[in-house]
Protein chains: 2
Amino acid sequence: MAQQGSNSQTERTERGAAWLSKGGLRPTRQRVVLAALLVGDGKNRHVTAESLYALAMERGEKVALATVYNTLRAFCGAGLMREITVDGTKSYFDTRTDDHPHFFWEDAMRLTDAPAEELEIARLPEAPEGAEVASVDVVIRLRKV
Amino acid sequence: MAQQGSNSQTERTERGAAWLSKGGLRPTRQRVVLAALLVGDGKNRHVTAESLYALAMERGEKVALATVYNTLRAFCGAGLMREITVDGTKSYFDTRTDDHPHFFWEDAMRLTDAPAEELEIARLPEAPEGAEVASVDVVIRLRKV
DNA sequence: TTAAGTGCAAATTATTTGCAGTAAG
DNA sequence: CTTACTGCAAATAATTTGCACTTAA
């Protein structure tokens, strides 16, 4: 019963390990665990250091919070994740690494992807002399109606 | 020579005081000082608590850093300013309160307005069921070329 | 006079770092 | 082996708060 088709523990772990090697990162135990939690099911995920740490604890995994912080930084450095800035008080990390818009649910402080195909920027201010556009962050802030 | 046409100290102070009363805020000495620094010349300004505090110190004004923090919050609460989130480690405040795009200079960690008329969003993802769009933040991150 | 605002120092929160021990190549 | 990684506790950085004192209305 540990095996359940496309979502078995081993499969999640394998996916995590593959993802790690894509970033050229040494697959240590805690990295594999975190990677499996992040991309084990093949879906995109938005986490904070705390939320990922909580998730790991919930699964009974043994990782230090500081390691979660360092690991998320390592994942970003390797280009496997991106840091999204939506709220001054916390850092959010996204497993999806291309430029795409986000919804930010202000009351729940939750971040989700917005459908990229529904965003159409017809014209963008051009970068001033001596600078180039690194990325364009679009955050659609939502409030409960 | 203290008076120089449209930029005299008294005029800056008056503008600051007028701006305060627009927000229904009691014009205490430190609020008037900070308001004059922010909008005294009629231009828009982007500050952090630290940068505004430094500016006040430079001018020989007497304010506590904590008061700068509290005052910026009060200005935002009164709708006189807006907080812009561009960098996890600092809060930026803008005297311009309408939805408009920003340039963020990653190396200098500086925030400036981007020309709003050069941004054209032809289509925007609509708010999911049960939510409405509170604001749309567009940050164009720049790197030196 | 009195509720709101202020100063300062102490508290909080999110995150990073130093260093001794552990594990991957 | 040996260099990178990890854990933990202590350090930092930005911001907030508690409380006695001021001040605008």
Side-chain angles (χ1 to χ4, degrees), chain A residues 13 16-21 23-37 46-57 60-78 80-81 83-93 109-111, chain B residues 13-14 16-37 46-57 60-78 80-81 83-93 109-111:
Chain A
T13 300
W19 185 70
L20 277 182
S21 77
L25 291 174
R26 197 196 272 188
T28 64
R29 184 181 55 78
Q30 16 295 74
R31 284 182 181 174
V32 174
V33 163
L34 296 178
L37 290 173
H46 300 86
V47 298
T48 63
E50 286 285 356
S51 79
L52 181 57
Y53 177 68
L55 187 58
M57 290 303 98
E61 301 291 356
K62 202 169 148 288
V63 212
L65 177 57
T67 300
V68 175
Y69 274 103
N70 295 335
T71 302
L72 284 171
R73 289 256 160 270
F75 289 176
C76 287
L80 295 173
M81 297 187 81
E83 185 173 356
I84 313 291
T85 305
V86 275
D87 168 53
T89 70
K90 271 183 180 67
S91 288
Y92 289 77
F93 299 88
M109 305 237 309
R110 239 168 49 81
L111 186 69
Chain B
T13 301
E14 272 156 27
W19 185 69
L20 278 183
S21 75
K22 195 172 62 180
L25 291 175
R26 197 197 273 189
T28 65
R29 183 180 57 77
Q30 12 300 71
R31 283 182 181 173
V32 174
V33 163
L34 296 178
L37 290 172
H46 301 85
V47 298
T48 62
E50 286 285 357
S51 80
L52 181 56
Y53 177 68
L55 188 57
M57 292 301 99
E61 302 290 355
K62 203 170 149 286
V63 212
L65 177 57
T67 300
V68 175
Y69 274 102
N70 295 336
T71 302
L72 284 171
R73 289 255 161 271
F75 289 176
C76 287
L80 294 172
M81 297 188 81
E83 186 172 355
I84 313 291
T85 304
V86 275
D87 169 54
T89 70
K90 269 184 182 65
S91 288
Y92 290 76
F93 298 88
M109 306 238 308
R110 239 168 50 80
L111 187 68

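Only heavy atoms go into these numbers, but all of them, side chains included; no hydrogens, no water, no symmetry mates.
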- With a 4.0 Å cut-off on heavy atoms, is B:Ser91 in touch with a base, just the backbone sugar-phosphate, or nothing at all? sugar-phosphate
- Task: Mind calculating the distance between NZ (B:Lys90) and C1' (D:dT16) to the nearest angstrom?
- Result: 17 Å
- Message: Using OP1 and OP2 only, check whether a side-chain N or O of A:Arg73 sits under 4.0 Å from C:dT16.
- Response: yes
- With respect to the side chain of A:Ala66, which nucleotide from C:dT17, D:dG7, C:dC8 is positioned closest? C:dT17
- Task: Report yes if a side-chain nitrogen or oxygen of A:Arg26 is closer than 4.0 Å to either non-bridging phosphate oxygen (OP1 or OP2) of C:dA23; otherwise report no.
- Result: no
- Message: Any side-chain N or O of B:Tyr69 below 4.0 angstrom from OP1/OP2 of D:dT15?
- Response: yes
- Task: From the options C:dT6, D:dT15, D:dG7, select the nucleotide whose nearest atom is closest to the side chain of A:Val63.
- Result: D:dG7
- Message: Does either side chain, that of B:Ser91 or that of B:Glu83, offer a donor lying less than 3.5 Å from an acceptor on the other one?
- Response: yes
- Query: Within the side chain of A:Ser21, is there an N or O that forms a donor-acceptor pair under 3.5 Å with the backbone of A:Gly24?
  - Reply: no
- Item | Atom-pair distance (CG on B:Leu65; C1' on C:dG7), nearest Å | 11 Å
- C:dT22 phosphate, OP1 or OP2, under 4.0 Å from A:Gln30 side-chain N/O: no
- Message: Whole angstroms only, please: what is the CD-C1' distance between B:Glu50 and D:dT12?
- Response: 13 Å
- Query: Under the 3.5 angstrom rule, does the side chain of A:Arg31 hit a backbone N or O of A:Arg26 as a donor-acceptor pair?
  - Reply: yes
- Query: Got a second to check how far B:Phe93's CZ is from B:Thr71's OG1, nearest 0.5 Å?
  - Reply: 10.5 Å
- Query: Just how far, in rounded Å, is P of D:dT15 from OH of B:Tyr92?
  - Reply: 9 Å
- Task: Evaluate salt bridge (charged side-chain N to carboxylate O under 4.0 Å, His left out) for A:Glu50 paired with A:Lys90, printing each intermediate quantity in order.
- Result: CA-CA 9 Å; A:Glu50 286 285 356; A:Lys90 271 183 180 67; over 6 Å; no
- Task: Could you state the atom-to-atom distance from OH of A:Tyr53 to C1' of D:dT6 in whole Å?
- Result: 13 Å
- Message: Expressed as a whole number of angstroms, how long is the span from B:Leu20:CG to C:dG5:C1'?
- Response: 13 Å
- Considering just the side-chain nitrogens and oxygens of B:Thr89, establish if one lies under 4.0 Å of OP1 or OP2 belonging to D:dA13. no
- Between B:Lys62 and A:Thr48, just flag the one whose closest nucleotide in DNA chain C comes earlier from the 5' side. B:Lys62
- Message: Just the rounded figure in Å: distance from P of C:dG5 to CG of B:Leu34.
- Response: 14 Å
- Starting at the 5' end of DNA chain D and moving along, which residue's nearest nucleotide shows up first, A:Thr28 or B:Asn70? A:Thr28
- Nucleotide C:dG5, atom P - distance to CZ of B:Arg31 in whole Å: 4 Å
